[in-house]
Number of protein chains: 2
Amino acid sequence: MSRFINHNNAIPKYFQLASILKSQIDEGEWKPRQSIPSERQLELQYKVSRPTVRQAIEYLEKLGYIYREHGRGTFVSPQKLQKKMLELTSFSEDLLRKGIQPSQIICSINHVVPSEKILSRLELPLESSVLRIERIRLGDEIPIGLQISYVVLGDDQQIDEDDLQQYGSLYRVMEEKLNIIPTEADETLEVTLATPEEATLLQVKAGAPLLLNERLTYDQNRKPVEFVKILYRGDRYQYIIRLTR
Amino acid sequence: MSRFINHNNAIPKYFQLASILKSQIDEGEWKPRQSIPSERQLELQYKVSRPTVRQAIEYLEKLGYIYREHGRGTFVSPQKLQKKMLELTSFSEDLLRKGIQPSQIICSINHVVPSEKILSRLELPLESSVLRIERIRLGDEIPIGLQISYVVLGDDQQIDEDDLQQYGSLYRVMEEKLNIIPTEADETLEVTLATPEEATLLQVKAGAPLLLNERLTYDQNRKPVEFVKILYRGDRYQYIIRLTR
DNA sequence: AATAATAACTGGTAATGACCACATAACAAC
DNA sequence: GTTGTTATGTGGTCATTACCAGTTATTATT
């Protein structure tokens, strides 16, 4: 990709500069813990103002690629810290990132009136209908998790089985077909034991330990749009988290 | 607290303004989803420049208190979204937040040469010695977790049992006594089954499901300073996470 | 009353300029 | 060779100014 900022491009200059620096980091231009050019050097080199440079650098810092030290410089984060902050991803995205081929078996997809607990989580009045999608998630053809999503749809919105197969990910369907952009989520993780039904679906013994993940997802306007329960086979799933202080 | 920016204060103006706005939000000056004064209004009201206002607002947005919509305004986030991004906290802090009184039984605290795996995680050469602290963590007097920490200390640094009791938290000891500031961490969560020894310590049956949390903590200079394994009783611990996109 | 055009208000991007605070390098004095 | 001072380079804070892009309110036209 280009090493230069296109001053006539609609893409903001700070973003272009951030992308350039990110590429250079990815390509090993600077080793971890090595300093990158100073703000004033970048200002001269790319012919942008120092606030614009600082905005690009702050953006990369936010993503974890670099860190800054007052009076000393700006440094490349050690490789393992060069990861995005904990981000909201779909199950499919999670597995792809781990190098596992995700696939799914759609057990059912229909409109239901869920429990009061779920309606409460979704901030919906009683007797509201939502789309319930039950799926077995597989990684490299092996069952990994059992997932039940409750999606809040508008009156003129619908998701069907073809959508899920075609787009590959529920979040992608929401974004591209419905203009619902999953933005934030709250999750809980806890241990549970497989019921006979769950055991059958996940190909484990009844009573086997499972990891229960419940997630409430909000859209770009902070409105709850999905409540999902995922039961992971305890032996096949490791949840990875990145924390900051 | 003051409603005004002290222009002679050493505390940055953007930070003072952010604190003022945060207090007003906390005190219900604006309801969730209600707009706060525009950037230009705040500029006039507090006699600071618009870039300074924007920096304060960006800070609050980062913390989750507000969200912005291009061309529309700046709004207070719904209450439940007004939470700090997922942050690195100690076990004690976690429980206090949940309204549970944390306490601990220190099983052992001594210098050891840990396994190669742990040395690798801590980026230490072979045969390095670290401080190993084994504790049973209790919430409201009930065993919740078994925690084994491997802490990297400098040659002139030491932590003993009195330190842990006196400061109440390992992170507090590190910060206040050793000037080691835990800043970032990577965690994994997975399900495991209690060995007979673990079962005894946690007062569960052997083979009971446990939640295994492994965390590698970095200090302010991104150096690994602690590797910790925590086994939680599956029936008494729920892990809560906040995600963004 | 409905519709289109315009104005006003909102957040977003960018430059110029100045100064503060921290860290390090260079230099002078002993 | 050591120590203290000064200079330089670094990131951090702040103000002023201008313009862009999105949204909403107001006004004009039909």
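Letters A, B, ... mirror the listed sequences (proteins, then strands); counts begin at 1.
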Peer 1: Closest to the B:Tyr14 side chain: D:dC14, D:dG11, C:dT10?
Peer 2: D:dC14
Peer 1: Of the non-hydrogen atoms in B:Pro37 and B:Leu42, which two are nearest, and what is the gap between them?
Peer 2: O-CD1, 3.6 Å
Peer 1: To the nearest Å, give me how far apart CG (B:Leu44) and P (C:dT10) are.
Peer 2: 10 Å
Peer 1: Take the protein atom CD of A:Glu69 and the nucleotide atom C1' of C:dA21, then report the distance between them rounded to whole Å.
Peer 2: 15 Å
Peer 1: Taking atom types as they are modelled, would you say the side chain of A:Arg50 forms a donor-acceptor pair with the base of D:dG12 within the 3.5 Å cutoff?
Peer 2: yes
Peer 1: What is the distance, rounded to the nearest whole Å, between atom CD of B:Glu43 and atom P of C:dG11?
Peer 2: 11 Å
Peer 1: Which of these nucleotides, C:dG11, D:dA15, C:dA23, is closest to any side-chain atom of B:Thr74?
Peer 2: C:dG11
Peer 1: Nearest-nucleotide wise, let me know which of B:Glu58 and A:Val48 is further upstream toward the 5' end of DNA chain C.
Peer 2: B:Glu58
Peer 1: Quick one: is D:dA15 close enough that its OP1 or OP2 comes under 4.0 Å of any side-chain N or O from B:Lys13?
Peer 2: yes
Peer 1: Write down the distance between NZ (A:Lys47) and C1' (C:dA14), rounded to a whole number of angstrom.
Peer 2: 17 Å
Peer 1: Between C:dA14 atom C1' and A:Ile11 atom CD1, what is the distance in whole Å?
Peer 2: 16 Å
Peer 1: Mind listing the closest non-hydrogen atom pair of B:Leu216 and B:Pro224 along with its distance?
Peer 2: CD1-CB, 4.2 Å
Peer 1: When you measure from the side-chain N and O atoms of B:Gln55 to the phosphate of D:dT13, is any distance below 4.0 Å, counting only OP1 and OP2?
Peer 2: yes
Peer 1: Less than 4.0 angstrom between a side-chain N/O of B:Thr52 and OP1 or OP2 of D:dA15, yes or no?
Peer 2: yes
Peer 1: May I ask you to evaluate whether B:Ser38 reaches the phosphate of C:dT10, defined as a side-chain N or O under 4.0 Å from OP1 or OP2?
Peer 2: yes
Peer 1: Answer yes or no: is there an ion pair linking A:Glu214 with A:Lys117, defined by an N-O contact shorter than 4.0 Å?
Peer 2: yes
Peer 1: In whole angstroms, how far is the P atom of D:dT13 from the CD1 atom of A:Ile57?
Peer 2: 14 Å
Peer 1: Would you kindly give the CZ-to-P distance between B:Arg40 and D:dG22, to the nearest whole Å?
Peer 2: 15 Å
Peer 1: Look at A:Arg50 together with A:Glu43 and state whether they make a salt bridge at an N to O cut-off of under 4.0 Å.
Peer 2: no
Peer 1: Would you kindly give the OH-to-P distance between B:Tyr46 and D:dT13, to the nearest whole Å?
Peer 2: 20 Å
Peer 1: Of the options C:dA15, D:dT24, D:dT13, whose atoms approach the side-chain atoms of B:Arg72 most closely?
Peer 2: D:dT24
Peer 1: What is the nucleic acid contact for B:Pro12, judged by heavy atoms within less than 4.0 Å: base, sugar-phosphate only, or nothing?
Peer 2: sugar-phosphate
Peer 1: Side chain of A:Pro51 only, please: which of C:dG12, C:dA15, C:dT10 is the nearest?
Peer 2: C:dA15
Peer 1: Any side-chain donor paired with an acceptor under 3.5 Å for A:Tyr171 and A:Thr217?
Peer 2: yes
Peer 1: For the side chain of A:Arg68, starting at C-beta, report the closest nucleotide among C:dG12, D:dG12, C:dT13.
Peer 2: D:dG12
Peer 1: Output the single nucleotide from D:dG11, D:dC14, C:dA15 whose closest atom is nearest the side chain of A:Arg54.
Peer 2: D:dG11
Peer 1: Does a distance-only test, which skips hydrogens and angles, find a donor-acceptor pair under 3.5 Å between the side chain of A:His70 and the base of D:dG11?
Peer 2: yes
Peer 1: With sequence neighbours excluded, what pairs up with A:Tyr59 under the ring pair (Phe, Tyr, Trp, His ring centres under 6.0 Å) test?
Peer 2: A:Phe15
